[in-house]
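Working notes, structure below.
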Amino acid sequence: MLANFGKYSGFILRRERVVSLIWLAACVSAFVGLAAYFPGLMPDEATLNAMAVMLDTPAMTAMMGKVYGAEVFSQAIAMSVDCLSWYLITVAIMNIFLVNRHTRTDEELGRQEMLIALPVGRLTGGAAALAFAVVLNALIAALTAVGLIALNIGGTTVAGALAFGGAIGAVGFVFAGLTLLFAQLFSAARGVTGASMAALGLFYVLRASGDVSGNALSYISPLGLALKTEAFYSNRLSPIVILLVEGAALSAIALTLNAVRDHGVGIIPARKGKAHASRFLQGPFGLAWRLTRTTALWWTVGLLVIGVMYGSVVVDIEDFAADNAMVSAMLEAAGNGSMTEQYVAMLFSIMSMIATVPVALTVMRLRSEEAHGRLEQIIGRSVKRSSLFVGFIVIAFAMSLAALFVTALGMLALSGGAIGAAAVMKAAFAYLPAMWLIVGLISLLIGAAPKLTPLIWVLFGYSFVAVYFGKVIELPDWMAKLSPFGHIPQLPVQEFALAPLAVLTGIAIALSAFGLWRYRARDIY
Amino acid sequence: MSVIEIRGLVKKFGKFTALNGVDLFVKRGEVHAFLGPNGAGKSTTIRCLLGILRCTGGSAAMFGQDAWQNAVELHKRVAFVPGDVNLWNNFTGGEVIDLFLSLQSGKADKARREKYLRLFELDPTKKCRTYSKGNRQKVALVAAFTGDAELFVLDEPTSGLDPLMEKVFQDCIGEVKARGGTVLLSSHIMSEVEKLADSVSIIKEGKIVLGGGMSEVAARGQTLEELFLSEYKEV
């Protein structure tokens with residue numbers, strides 16, 4: 001069953017030496033590095049107490065977990081309450097990718113078959129992947145604990161650091177076991193990732209609702225259970241032990257299933273798909289929509305959630321900014337007007353760029369289909385290149401409206417009427433011409449220089465730095481003007497100006513038309 | 001009348017010359033074999049013929065119309081099966097077939113679709129990610145034969161098929177021929193070509209080096225394989 005376990009582990013180690021080393025270094029340096037900021041953020045008892053009060057609100061509890069130890073609140077406790085729940089999610093995701101990569105993905109691609117055909121045991125692959133995950137989690141846990149002890153911010157204890165690291169490692173182990181289990185159940189690697197991520201999301205929601213209402217749901221979720229260690233305060237070890245038992249049980253079930261099932265299939269039989277195309281999957285536009293709809297849907301949901309998160313802060317923005325030097329610097333840089341108006345203006349200068357990502361992805365799908373060699377079968381049929389091209393542009397246009405609309409809607413949802421709906425919508429839709437200009441640029445690239453299409457991400461990165469941080473770190477004005485986003489009036493703080501919007505829209509149309517003209521005349525390859 | 005007329009076709013990719021004056025004519029109702037080793041220019045010729053690539057020089061026409069200018073109209077009468085059939089992982093085979101048919105002419109004949117699914121023993125409810133190379137080719141072949149085109153352009157369509165399916169494919173080509181259809185068949189399988197083809201062109205380094213009817217080949221007292229090998233032996 002476990003023949004050649006040692007050599008197989010060495011093989012995994014060889015394949016993982018870069019990726020896992022990056023995960024390890026990134027996790028430990030981020031976990032320890034962020035802790036180093038806390039003495040500066042909360043230097044004295046007054047700020048610590050203010051933090052404890054702020055954390056003890058339902059919104060904060062839902063996001064990060066229940067605050068504890070308020071009577072002896074220290075920098076270490078504050079760090080743990082603020083950060084641990086995010087670290088748990090990070091490590092969970094790492095384990096999902098890691099285990100899936102070496103089990104179902106290899107199996108689905110037919111690579112493991114060649115190894116199984118050698119004198120390698122049936123369980124060797126799964127067990128070696130699990131063993132590697134255990135070692136990696138243990139290393140992250142131990143190095144984080146050692147790092148925190150060495151850093152020694154206020155309130156640090158050895159027991160606390162061990163509980164903190166232990167919670168991270170134990171949750172990682174649970175998700176390694178869970179992913180290994182899903183890898184036995186589903187026959188496609190995508191299904192394994194989907195189910196594991198869905199479980200992670202469910203555990204987060206269970207933890208949030210359990211923590212807010214103070215019931216047992218928090219204990220059912222591994223994420224909630226791990227927070228019950230209350231590092232640097234109670235330093236309970238029992239949650240860690242329970243998590244390790246859970247992880248071991250999941251792994252045992254997974255390996256048992258692995259031993260009895262056929263190679264290449266899952267315990268849950270693959271669902272039958274549709275024998276016929278639906279009425280929507282017809283013609284170039286139907287194809288374009290089918291290829292982009294999943295991305296569109298998830299980004300719409302994501303933008304709504306981000307909008308709600310930022311919008312819910314609007315009510316307390318005046319207090320929040322007073323405590324945070326960086327935020328108030330950004331707000332002042334945004335111009336005149338009330339704190340709330342400045343916040344809205346600043347938020348849209350960043351959210352507009354995030355909301356442009358799905359729009360850009362929609363148009364770029366046309367190029368990635370070509371790069372994957374799937375377009376020749378479409379162009380080889382009775383399809384006008386222009387209808388295909390325009391189909392993607394039309395969907396991107398609709399996406400641009402939807403993306404800004406849901407972002408604004410999300411912001412309004414929990415803002416408690418602190419900002420006017422019309423003002424927010426106006427501030428959001430003012431960014432449409434900038435989005436269209438990006439669409440125009442991508443069209444131009446796809447038509448005239450398809451291989452350079454990814455360069456658009458350079459413009460994204462530049463815009464982010466120049467427009468968002470540019471004002472705080474005082475970059476010259478012309479640098480922001482190199483980005484289409486730098487030409488948009490930041491409503492409601494700045495005056496509305498039609499001219500730049502009209503010019504951007506005009507350029508966008510011209511670029512798209514030129515791109516289409518070149519696209520009709522070039523090779524498809 | 002020639003269904004396919006390629007005259008002096010030149011295709012350059014930057015400085016590299018892939019096709020250096022290809023001449024190829026296919027008459028209505030004949031099966032024309034297109035032979036040549038990997039990299040000789042078969043697929044490039046076919047892509048120029050389909051208006052996927054733009055000719056650098058010379059001309060390519062189907063049914064007397066320019067292949068680039070009138071690509072959309074022409075493709076209503078043409079069925080194409082590429083050498084590497086790349087499909088969308090999360091589509092089922094049935095969805096892809098329906099999509100292809102809708103892009104061809106708009107209407108799919110249900111009975112014909114069922115017939116070819118059965119002949120090629122293809123399960124249309126499976127996702128494309130689970131299909132082997134052979135099954136992906138079957139998806140493209142079922143779509144092509146269901147479409148009832150006048151001209152079939154097939155680029156190594158059987159390289160992943162088993163001998164049973166190879167036989168089914170040959171029967172289908174026979175049917176196409178019986179109702180007066182035209183076929184351009186690029187292939188490496190000499191026995192397949194000898195059974196099906198009426199005429200043949202052999203391409204070498206971007207030029208047609210030998211072309212003619214299969215009867216002429218037979219008259220030279222050589223099998224097609226001997227002819228093909230003799231053409232490439234002297235280096």
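A, B, ... follow the sequence lines: proteins, then strands. Residue 1 opens every chain.
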Take atom [atom1] of [X] as the centre, draw a 6.0 Å sphere, and report whether it contains more than 12 heavy atoms from other residues, nucleotides or ligands.
X: A/W457; atom1: CH2; value: yes
X: B/E121; atom1: CD; value: no
X: B/Q65; atom1: CD; value: yes
X: A/K384; atom1: NZ; value: no
X: B/K126; atom1: NZ; value: no

Quick one: pull up [atom1] in [X] and [atom2] in [Y] and give me the separation to the nearest 0.5 Å.
X: A/I524; Y: B/L53; atom1: CD1; atom2: CG; result: 8.5 Å
X: A/K272; Y: B/T125; atom1: NZ; atom2: OG1; result: 3.5 Å
X: A/R520; Y: B/R54; atom1: CZ; atom2: CZ; result: 10.0 Å
X: A/S187; Y: B/R129; atom1: OG; atom2: CZ; result: 8.0 Å
X: A/R290; Y: B/E95; atom1: CZ; atom2: CD; result: 4.0 Å
X: B/K76; Y: A/S382; atom1: NZ; atom2: OG; result: 4.5 Å

[X] to [Y] - nearest heavy-atom pair and separation:
X: B/D98; Y: A/A275; value: OD2-O, 4.4 Å
X: B/V85; Y: A/Q377; value: CG1-OE1, 3.6 Å
X: A/I379; Y: B/G51; value: CG2-O, 4.3 Å
X: B/S102; Y: A/G283; value: OG-N, 3.2 Å

Original post:
Is any residue of residues 367-376 of chain A within less than 4.5 Å of chain B by heavy atoms, and which ones?
Top reply: A/E369, A/H372, A/G373, A/R374, A/E376
**OP:** Given side-chain contact (heavy atoms from CB on, under 4.5 Å), test A/L287 with B/F91 step by step and report yes or no.
**Re:** CA-CA 11 Å; A/L287 175 66; B/F91 283 40; 4.0 Å; yes
Original post:
Between B/N89 and A/R190, is a side-chain contact (heavy atoms from CB on, under 4.5 Å) present by the stated rule, with each step listed?
Top reply: CA-CA 11 Å; B/N89 278 340; A/R190 266 167 57 117; 5.9 Å; no
**OP:** Not counting sequence neighbours, list each pair that qualifies as a salt bridge (charged side-chain N to carboxylate O under 4.0 Å, His left out) and has a residue in residues 439-455 of chain A.
**Re:** none
Original post:
Can you say whether A/A188 sits under 4.5 Å from chain B via the side chain, the backbone, both, or neither, judging by heavy atoms?
Top reply: side chain
Original post:
Side chain, backbone, both or neither: which part of A/R522 has an atom under 4.5 Å from a heavy atom of chain B?
Top reply: backbone
Region of [X] in contact with chain A, defined by heavy-atom distances below 4.5 Å:
X: B/F100; answer: both
X: B/D84; answer: backbone
X: B/R113; answer: side chain
X: B/L74; answer: neither
X: B/W88; answer: both

Original post:
Would you call B/R47-A/D523 a salt bridge at under 4.0 Å N-O?
Top reply: no
Original post:
Who among A/S278, A/G380, A/P284 has the most heavy-atom pairs with chain B under 4.5 Å?
Top reply: A/G380
Subject >> Side-chain (B/T92) to main-chain (A/K274) donor-acceptor, under 3.5 angstrom >> reply: yes
